[in-house]
J.: 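To start, I am sharing the structure in question, which I have written as structure tokens.
Because the structure is predicted, anything quoted here is derived from the model rather than measured. Atoms within each ligand, like the ligands themselves, are counted from 1 in listed order.
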Amino acid sequence: MLIRHRKSCEISENRVTADAVYLNRRSLMKAAGIGALSIAGGSLMTPRPAHAQMADANAGLASTGDLYPAPLNEGIREAGRALTDESVATTYNNFYEFGSHKQIWKAAQALQLDPWNVQIDGLVEEPMTIGAEDLIRKMPLEERIYRHRCVEAWAMTVPWSGFQMSELVKLAKPTSDAKYIRFETFEDPKVAPGQRSSWNPWPYVEGITIDEAMNELAFVVTGAYGKPLHKQFGAPLRLALPWKYGFKHIKSFVKISFVAERPVSFWEQINAGEYGFWANVNPGVPHPRWRQDRERLLGAETYEPTLMFNGYAEQVAGLYKDLEASEGQALYR
Ligand SMILES: Nc1nc2c(c(=O)[nH]1)N[C@H]1C(S)=C(S)[C@@H](COP(=O)(O)O)O[C@H]1N2
Ligand SMILES: [Mo]
């Protein structure tokens with residue numbers, strides 16, 4: 001586990017403050033029995049920058065507000081570094097459907113979340129189409145604090161809410177022929193201006209193996225910072241695979257297919273040499289455009305060493321032991 005038991009004197013002042021603010025607000029919300037939405041702008045919160053308040057007002061699937069904050073998974077609450085401020089993490093995003101720059105959070109508010117249907121198909125016993133809210137309400141929600149590492153060398157630490165991906169596999173009941181899961185993002189150029197440019201192979205697609213999906217860290221995200229998932233984070237459903245580069249964390253997906261063949265992802269279609277299928281974080285495998293041995297922490301703007309499997313080697317290294325001989329460096333890009 002990533003938990004590094006540091007002596008308290010080694011914990012930086014910054015970290016203590018940021019985590020205390022979030023975790024305190026969280027326990028206040030819980031004690032009062034109310035979700036974050038009902039106190040947005042209320043007296044329990046410290047004053048926030050205007051742009052962050054606007055982001056809050058547009059937060060995700062409002063009808064699920066009663067589900068947050070979800071119970072914190074105590075085993076996955078320690079990321080070894082401070083949480084990134086919500087106002088920072090929600091205003092610096094990759095979501096190419098809304099533009100190829102990092103300031104897409106306003107444009108992403110055009111996303112229509114209700115209705116939002118998710119299709120589960122392919123090699124499964126129970127193909128189904130299910131509404132996002134119905135799916136979320138069926139699942140055991142919890143909160144986990146995860147590190148996030150983009151291949152572009154920026155990083156953050158976010159309290160996500162959601163459910164373990166293995167729960168979704170259980171629901172779908174794949175047949176023994178299924179080896180991979182393919183995820184697909186919505187496609188609607190009227191809502192997403194980035195999709196009006198035909199040089200990208202829309203819709204965004206990502207894939208993982210069933211073994212990866214069954215790993216305890218594979219997580220379907222439905223919320224962040226104790227509230228329904230912000231649109232710019234990929235509401236109403238996105239992935240968090242904290243040992244993999246950020247582009248694997250597909251946002252706003254509408255389709256989950258269980259398949260026998262390895263899916264070709266969006267970025268792999270664009271540039272297979274730079275963005276492979278596995279994309280496991282490895283500081284020792286260089287990328288042609290960004291250094292992978294260190295990362296820039298959003299907000300703090302400090303540079304920290306990048307860790308093998310982004311700090312999650314203990315949980316995931318075993319998934320790749322048998323693949324090292326055949327896949328080699330392809331496992332890490
Ligand atoms: N559909 C979709 N999902 C996506 C992307 C995207 O452009 N479209 N960008 C990916 C990349 S490169 C990263 S680093 C993360 C960024 O997540 P964040 O904006 O929540 O930090 O989302 C990933 N998921
Ligand atoms: Mo990324």
J.: With a 4.0 Å cut-off on heavy atoms, is Met156 in contact with ligand 1?
T.: yes
J.: Select one of side chain, backbone, both or neither to describe which atoms of Trp105 lie under 4.0 Å from any atom of ligand 1, heavy atoms only.
T.: neither
J.: Show, in sequence, the C-alpha distance, side-chain angles and deciding distance for Tyr204 and Ser252, and conclude whether the side chain to side chain donor-acceptor pair (under 3.5 Å) test is met.
T.: CA-CA 10 Å; Tyr204 200 99; Ser252 306; over 6 Å; no
J.: Return the closest protein heavy atom for atom 15 (C) of ligand 1 as residue, atom name and distance.
T.: Gly246 O, 3.6 Å
J.: Where is the nearest protein heavy atom to atom 9 (N) of ligand 1: which residue, which atom, and how far?
T.: Asn94 O, 3.4 Å
J.: Look at the side chain of Lys231 and the backbone N and O of Gln112, then say whether any donor-acceptor pair between them is shorter than 3.5 Å.
T.: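 Side chain of Lys231 to backbone of Gln112: no pair is present.
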J.: For Phe247, take its heavy atoms, then give the atoms of ligand 1 lying under 4.0 Å from any of them.
T.: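 Those qualifying, in numeric order: 10 (C), 11 (C), 12 (S).
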J.: Nearest protein heavy-atom contact for atom 3 (N) of ligand 1: which residue, which atom, what distance?
T.: Lys251 N, 3.1 Å
J.: Can you list the ligand 1 atoms lying under 4.0 Å from a non-hydrogen atom of Phe95?
T.: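 Those atoms are 1 (N), 6 (C), 7 (O), 8 (N).
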J.: Please determine whether any non-hydrogen atom of Glu206 lies less than 4.0 Å from an atom of ligand 1.
T.: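 Distance cut 4.0 Å: Glu206 fails for ligand 1.
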J.: Should Trp154 be listed as contacting ligand 1, given a heavy-atom distance under 4.0 Å as the test?
T.: yes
J.: Quick test: of every protein heavy atom, which one is nearest to atom 8 (N) of ligand 1, and how far off is it to 0.1 Å?
T.: Glu97 OE1, 2.8 Å
J.: Would Phe95 and Trp105 satisfy ring-ring contact (aromatic ring centres under 6.0 Å, His included), going step by step from the backbone distance to the final call?
T.: CA-CA 9 Å; Phe95 202 164; Trp105 70 267; over 10 Å; no
J.: Going by atom types alone, do Tyr320 and Glu212 pair a side-chain donor with an acceptor below 3.5 Å?
T.: yes
J.: Could you establish whether His148 and ligand 1 come within less than 4.0 Å of each other, counting only heavy atoms on the residue side?
T.: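 Contact check His148 vs ligand 1: positive.
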J.: Does Lys227 come within less than 4.0 Å of Glu86, counting only side-chain N to carboxylate O?
T.: yes
J.: Within a 6.0 Å radius of atom CD on Gln329, are there more than 12 heavy atoms belonging to other residues, nucleotides or ligands?
T.: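 At most 12 heavy atoms, drawn from other residues, nucleotides or ligands, come within 6.0 Å of this atom.
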J.: Should Glu295 and Arg81 count as an ion pair when the cut-off is N to O under 4.0 Å?
T.: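 Yes, charged N to carboxylate O under 4.0 Å.
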J.: Heavy-atom pairs closer than 4.0 Å: do any link ligand 1 to the side chain of Glu152, the backbone, both, or neither?
T.: neither
J.: Check Arg137 with Asp66, please: is the shortest side-chain N to carboxylate O separation under 4.0 Å?
T.: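 Salt bridge flag = yes for Arg137 with Asp66.
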J.: Distance under 4.0 Å to a non-hydrogen atom of Cys150: what atoms of ligand 1 satisfy this?
T.: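 Heavy-atom distances to Cys150 below 4.0 Å select 14 (S).
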J.: Below 3.5 angstrom, do we get any N/O pair linking Thr185 and ligand 1?
T.: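 Right, the criterion is met.
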J.: Report the nearest protein non-hydrogen atom to atom 24 (N) of ligand 1: residue, atom name, distance rounded to 0.1 Å.
T.: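 In this structure, atom 24 (N) of ligand 1 has His249 O, 2.8 Å as its nearest protein heavy atom.
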J.: According to the interplanar angle, ranging from 0 to 90°, do the rings of His230 and Phe233 count as parallel (below 30°), tilted (30 to 60°) or perpendicular (above 60°)?
T.: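 Perpendicular: the ring planes of His230 and Phe233 meet at over 60°.
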J.: Where the closest heavy atom to atom 10 (C) of ligand 1 is concerned, which of Tyr96, Tyr204, Tyr275, Trp160 has it?
T.: Tyr204
J.: Would you call the rings of Tyr275 and Trp267 parallel, tilted or perpendicular, where under 30° means parallel and over 60° means perpendicular?
T.: tilted
